[in-house]
Amino acid sequence: MATSDLPVELWLEVLSYLPRSALRKMIGVNRILFELALNDLYEEVRFISDDKGTMKTFKQLSHNSVSRRVRHLFIRPAFLPGMDEVRPVEDFRRKLERRVSSGMFYLKNLKTIPPSEPLNGGPQDSSYDVLNIARKAVKCCPNLREITIIVHDHVATSMFMSFLDSLWASDSIGPNLRKISIDTVVTKMPLFLKPLTKYAKVLSNLEEFNLSLSTSRYHHTATDWYHAIQALASLFTAFKQTFTSVSFASMVIADLGAIFEPLPRLPKLRKFEFSAITNRDTLPHPEGLSRFISIHQSSLEIFIIKPYSRHVSFHHSDDAYTIWLNQQEPPDSPKIYSFSQLVLPQLHTLDVGLRDLNRYSVDPNLSTRRLLPDLHQITPNLVKLVMTDVKLSTGRLTEILDSLTPEAGSPPKLEELSFACYVLSPHIFDILFKKMRKLKALTIQYDQISLSVNSNKFESWDNTSRFHNLRQFSDAMQARSYSQWNLRYLRLLKPSSCGRGHPSIADMKVAAVSFSRDLVMDAEFGYKPNSEVSSPRHDVHRAVLPQDVMDSMVDALADLAYDGHDPDARKALVQCLSVSRSFYSKARPRVFHSITRKEQILPCENWDFRRDDLFFEVFEGDLLRQFRPLATQVHEMTIVACFPTNAKMTLIDSWSSSQEELDKRRERIPHILDKLTSLDAFEIRADGFKPLIWSTLYLGMKFSIRKICHTTRILRFHNIWGFPLSLLGVCVNLKELSLSKITELQTGICKWDQKAFDNLEFLEIAEVGEELFSKAIVFRPAAFRKLIRLKVTLPSINQLSTILECSVDSLKILEIFSFENHFSFHPGTTSKLAALRTLRSLRLCSSATLTLPECFPPELMTFFIVGLADDSPSSLVDLSLELVIDTPDINVPDRQNILPLSWQKRWTKLDLILTGPNYPVLDTMNIKFIEHQSSPATKGSANLDGTTSHIKPNMYTLERQSLTWLRGYFEVALPRLHSSMVKMQLEYCILRAKDPTL
C-alpha cells in the first residue's frame with residue numbers, strides 16, 4: 001500500500017545515527033535523501049589527477065543543479081611533473097648563470113631567479129585539456145567559498161599557474177571566496193602569494209588565510225627564505241583590511257621569528273593559529289612572533305598555539321617553547337620576548353599545546369618549571385581554555401587554575417575547560433568545584449579511574465581491579481553533591497587505538513549523579529570544537545517541552561520582533577532555528593515571514609557583496625526546496641533601492657564594465673521573485689531622500705514585479721520617479737495600496753484588467769499627482785467601489801473628491817492629514833461629503849506653529865464636519881481631531897496660549913452641530929494635542945537673592961498640567977458635548993527633539 005513520505009526532520013534524525021558513507025547508498029530511496037546525497041557528493045570537488053573521472057566531474061559542473069552545491073575546491077595536482085623530471089634543464093641554466101656571472105659582474109642579478117619559476121621551454125604540457133575544462137567549470141560555481149592548494153616538489157607549469165590566475169579573476173569565483181589555504185614549500189611561496197596580492201581588489205571578501213610550509217627534498221637558500229618573507233608581507237599588507245583569521249603551520253627548520261617581523265597589523269584579525277616545530281633552530285629570536293601577537297591585542301579573540309606542525313615530522317620542539325611561554329624577559333632584549341609579557345584583553349579562547357618536560361629533559365631544573373604563566377594577567381577575560389599534549393597531575397592542574405584567579409580573589413570568568421590527566425578521581429571534581437564555580441562545560445581525557453590521587457600512572461590494572469575502582473569511584477561520587485555548580489555539559493574521554501579519546505558513557509553516568517538534573521552528557525565521537533553540542537541519545541536527564549509550549553514561545557518572540565519592533569526579540573527568534581528540529585519547524589516560517597533586500601541601482605565601489613551572496617545562498621541553496629521551499633514561507637518583502645554617495649560612486653569611464661558586472665548579479669533576483677508564490681505584501685522604496693528612477697531597475701525585475709502585482713494583496717510604493725501607471729492595471733487581487741511621493745507618472749499605452757481594483761479595501765496616498773487617480777478612474781470606472789478605509793495626505797482636496805465619488809457606498813473610515821487652511825474645496829465636494837452614508841470613523845489632523853497666527857480648528861475643518869451632515873443625518877460614530885504643534889524653547893505659561901479664549905467661537909459652532917440632530921449616532925469625540933519640542937522646555941524659579949533659575953521640568957508633569965488646563969478649557973468651549981451622552985477623550989503628548997515622531 002502506498003504511503004506518504006516521512007517528514008524531513010525524521011530523515012535527518014535517522015541519518016544522525018548512521019555513518020556519513022551510508023548517505024550516498026540511500027540516494028535512490030526518495031527525493032529528500034537524493035538532495036542530501038548530492039549536497040554531500042558535490043560539497044567538495046577534488047582536483048588531483050587529470051584522468052577521465054576528473055574531467056567528467058568538471059563537465060557535470062556545467063549544470064546549475066550541480067554547480068550550486070559546490071562549497072570547497074581542493075587542488076593537489078599530482079599530474080604536474082616532478083622536480084627531478086626537469087632537472088637537466090635546471091642544471092644547464094645554473095651552469096650558464098655561473099659562467100656568465102663569473103665573467104660579467106653586472107649580470108650577476110641573473111642568479112636571483114628562483115628555480116621554482118614556471119618553465120616555458122620544457123616538455124609539452126599534457127594537462128592542457130583538463131585545466132581548460134576546469135577553468136570553465138569553476139566559473140559556474142556561484143556558492144564556492146573555499147579553496148585549498150597543495151603543491152610541494154612539483155613543477156608549477158605556466159599552464160597550471162594560468163589556471164590559478166583565472167580563479168582569482170572578477171569573472172570567476174574570486175569575489176565570492178572567503179577562505180584560501182595553501183600548503184607548499186618555501187621556494188614556491190612567492191609563486192602562489194604574488195598573484196593573490198595582485199588580485200587583492202577582486203578578492204575583497206577574503207577573510208581566512210591558512211599557510212602551511214612543508215619540507216622539501218631540495219633545501220632552500222637564504223635568498224629563497226628572504227623572497228618568501230617579502231611575498232608574505234606584501235600579501236598581508238594588501239589584505240590587512242579583510243583578514244579576520246590567519247593560520248600558520250610549519251615543518252621547516254628556519255627562523256620563524258623573522259617571518260613575522262615585517263608583517264603589518266590586521267585591524268580585523270580575531271583568530272590566529274600557530275602550529276610549528278618550536279626549538280632553538282626555528283625560534284632563536286621569538287621577538288617577531290611576540291610582536292605580531294602584541295600588535296593585535298585590541299582585536300584578537302581566539303589564539304591557538306601548538307608546538308608541532310599539523311603533519312608528522314622527525315623534528316620536535318625542545319625547552320625553547322616552554323621558555324617562550326613562561327620566561328618573564330630575556331637578559332638583553334628590550335623587545336617583547338615571551339608570551340608571559342603579553343596582555344590580550346579581548347582574548348576569550350585559548351587553545352594551547354603543552355610540552356612534556358620529562359620527555360626531552362635537558363635541564364634538570366625544567367621539572368619544576370611552570371607549564372603556563374599567570375593567565376589572569378595575560379588574558380583577563382578568558383572564557384574558554386583548552387590544554388592538550390600533556391597529562392596533568394593534580395598539582396599541575398591546581399597550579400594552572402590558581403593562575404586563572406585574579407589577586408583580588410574574585411572567581412575566574414572561565415566557562416569552558418578541557419585538559420588531560422592520568423587518573424580521574426573525585427578529588428579533581430572537588431578542586432574544580434572549589435576554584436571554577438562559573439564553569440559550564442568540562443572535558444577531561446584520562447587513562448584510569450581511581451580514588452587515590454597519587455596512583456601510579458604506569459600501573460597496569462586487570463578487569464577485576466577496574467571494576468573495583470569503578471565501584472569505589474561511584475560510591476565516592478554519590479556521597480558528593482555539586483548541585484550549586486552551574487556545570488551544564490560533561491565530556492569524559494578514554495584513550496583508544498586511533499589515538500583520540502572516545503567518550504565513556506558508563507563513567508559519565510557514574511559522575512553525573514553528583515550534579516544537577518540539567519547536566520547533559522556529551523557523547524559524540526570525534527573532535528568537537530564547540531562543547532555546547534550534545535548527543536540526544538545519551539543525555540542523563542533530557543527534558544522535552546510540549547510542542548504547544550514551544551509554539552507559544554516562538555509566537556511570543558515573533559510578536560515582539562515584528563509588532564513590537566524589538567531587535568533583541570528578532571535575534572532570539574533567529575537563534576530558535578538552531579535549538580532543535582521542533583523549534584526549527586515553527587521558527588522557520590516566522591523568521592522568513594518578512595524579508596528586506598537592499599538593491600544596488602548604480603555601480604558602487606564599496607558595496608557589500610557579502611550581503612547579496614548570503615541572500616542568494618539562503619534561497620538558492622535551500623535544502624528543503626523540493627518539499628517545503630523557503631520561498632513559500634515569505635509573505636512580506638521589501639526592496640530598498642540604494643544609491644551610492646558621491647564619495648563611493650564608480651568613475652564614469654568605468655561604468656560600462658561595472659554595470660555589466662552589476663547586471664550579472666541582478667539577473668538572479670527575478671528567479672527568486674518568481675518563486676515567492678505565497679507573497680501577500682510587496683513594497684518598493686528608495687533609501688534616503690533621493691527618489692528611485694523606475695527606468696534604472698533591472699528589466700527582469702520589472703517583469704517579476706508585474707507578476708507580483710497581479711497576485712499579491714498588499715502593495716506599497718514610496719518615493720518613485722517615473723512610476724508606470726500600467727503596473728496598477730494588473731492588480732486584480734489587491735486589498736491594500738499605499739502610494740507616496742509618486743512623481744512624473746508614465747501613462748503610455750495602458751491596458752487595464754476588467755477586475756483591477758475591484759477588491760481594494762484600503763488606500764493610502766501622500767504627495768501623489770492628481771492625474772493618477774483621475775486616469776485610473778478613466779481606465780477603470782468601477783475602481784474603489786469596495787473601498788472601506790481611506791488615508792490621505794494631499795496638497796489639494798480635489799483628489800479626495802474624485803475618490804469619494806467612487807466609494808460613496810462603501811467607505812467606513814476616513815483619515816485626512818495636513819488639514820490646513822490653504823486647502824480649497826471643489827464646488828461639488830459638499831454634496832459628495834453628505835452622500836457618505838456608510839462613514840463610521842473620521843480622523844482629521846492639522847499642524848501649527850506657535851510663532852504663526854494659526855488657530856485650531858481650522859475653518860476648513862469646521863466646514864468639512866458641517867458638510868458631512870448637510871442634507872440628512874450623518875452615520876458618523878467616532879470623530880477624532882488632532883493638532884501637531886511645533887514649539888520652540890518656551891516656558892510653561894506660554895503653553896496655555898495654544899487655545900486662546902478668543903477662538904472659542906469655532907468650538908461653540910462645533911458644539912452645536914455635533915449635539916444637534918445631524919449627528920444622532922455620534923458616540924466618541926477625541927481631541928488630541930501632540931507637542932513637538934525642538935529643544936527641552938524650561939521654567940523659571942525664584943531664588944533667595946531675587947534671581948531666576950531655569951530648570952528642566954519633568955515631561956510627565958508638563959503633560960498632566962497641560963491636560964488639566966485643556967479639560968477646563970473644553971468644559972467651557974464644549975458645554976453641550978460634556979452634558980450629552982457623547983464620550984469626550986482628551987490627550988496631550990509631548991515629544992522631545994530626540995524622540996521619534998508619531
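Listed by first and then second residue, the side-chain hydrogen bond (donor to acceptor under 3.5 Å, both in side chains) pairs that reach into residues 712-721 are H718-S740, sequence neighbours excluded. Applying the salt bridge (charged side-chain N to carboxylate O under 4.0 Å, His left out) test to every pair with at least one member in residues 717-736, sequence neighbours left out, gives these pairs: K735-E761.
T54 contributes atom OG1, which lies 6.5 Å from atom CZ of F58 (distance to the nearest 0.5 angstrom). Here the CZ-CG distance, from F239 to L206, works out to 5.5 Å after rounding to the nearest 0.5 Å. Rounding to the nearest 0.5 Å gives a distance of 7.5 Å between CG of N39 and CZ of R68. Note: L196 CG to D165 CG = 9.0 Å, rounded to the nearest 0.5 Å. Rounded to the nearest 0.5 angstrom, I147 CD1 and L164 CG are separated by 8.0 Å. One finds the NZ atom of K268 at 7.5 Å from the OG1 atom of T242 (value rounded to the nearest 0.5 Å).
Residues R69 and N143 fail the side-chain proximity criterion, which asks for heavy atoms closer than 4.5 Å. Contact check for L557 versus R590: no side-chain heavy atoms found under the 4.5 Å cut-off. Between E683 and I714 the shortest side-chain heavy-atom distance does not fall below 4.5 Å. Between I173 and V70 the shortest side-chain heavy-atom distance does not fall below 4.5 Å.
A pairwise comparison of heavy atoms in V66 and Q60 identifies CB-O, 3.6 Å as the closest pair. Looking at every heavy atom in both residues, S166 comes nearest to S172 through O-CB, 3.1 Å.
The backbone N or O of L144 lies less than 3.5 Å from no partner atom in the side chain of N176, so there is not a single donor-acceptor pair.
Residues satisfying the side chain to side chain donor-acceptor pair (under 3.5 Å) criterion with D566, sequence neighbours excluded, are absent altogether. Applying the side chain to side chain donor-acceptor pair (under 3.5 Å) criterion to T244, with sequence neighbours excluded, gives no partner residue. In this view, E764 and S738 satisfy the side chain to side chain donor-acceptor pair (under 3.5 Å) rule, not counting sequence neighbours.
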Extract all donor-acceptor atom pairs below 3.5 Å that involve side chains of residues 670-682 and protein atoms in other chains or at least two apart in sequence.
from, atom 1, to, atom 2, distance (Å)
D674, OD1, S704, OG, 3.1
S678, OG, T632, O, 3.1
D680, OD2, H635, ND1, 3.3

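No more than 12 heavy atoms of other residues, nucleotides or ligands lie within 6.0 Å of NZ in K598, so this atom counts as exposed by the packing criterion. The environment of K702 atom NZ is dense: over 12 non-hydrogen atoms of other residues, nucleotides or ligands sit within 6.0 angstrom.
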After noting the C-alpha distance and the side-chain angles of F717 and F723, does the key distance pass the ring pair (Phe, Tyr, Trp, His ring centres under 6.0 Å) rule? CA-CA 9 Å; F717 298 100; F723 181 78; 5.0 Å; yes
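Between R785 and D809 there is no salt bridge, since no side-chain N of the basic residue sits under 4.0 Å from a carboxylate O of the acidic one.
Evaluated for a side chain to side chain donor-acceptor pair (under 3.5 Å) with H72, the options R145, E44, R46 yield exactly one hit, E44.
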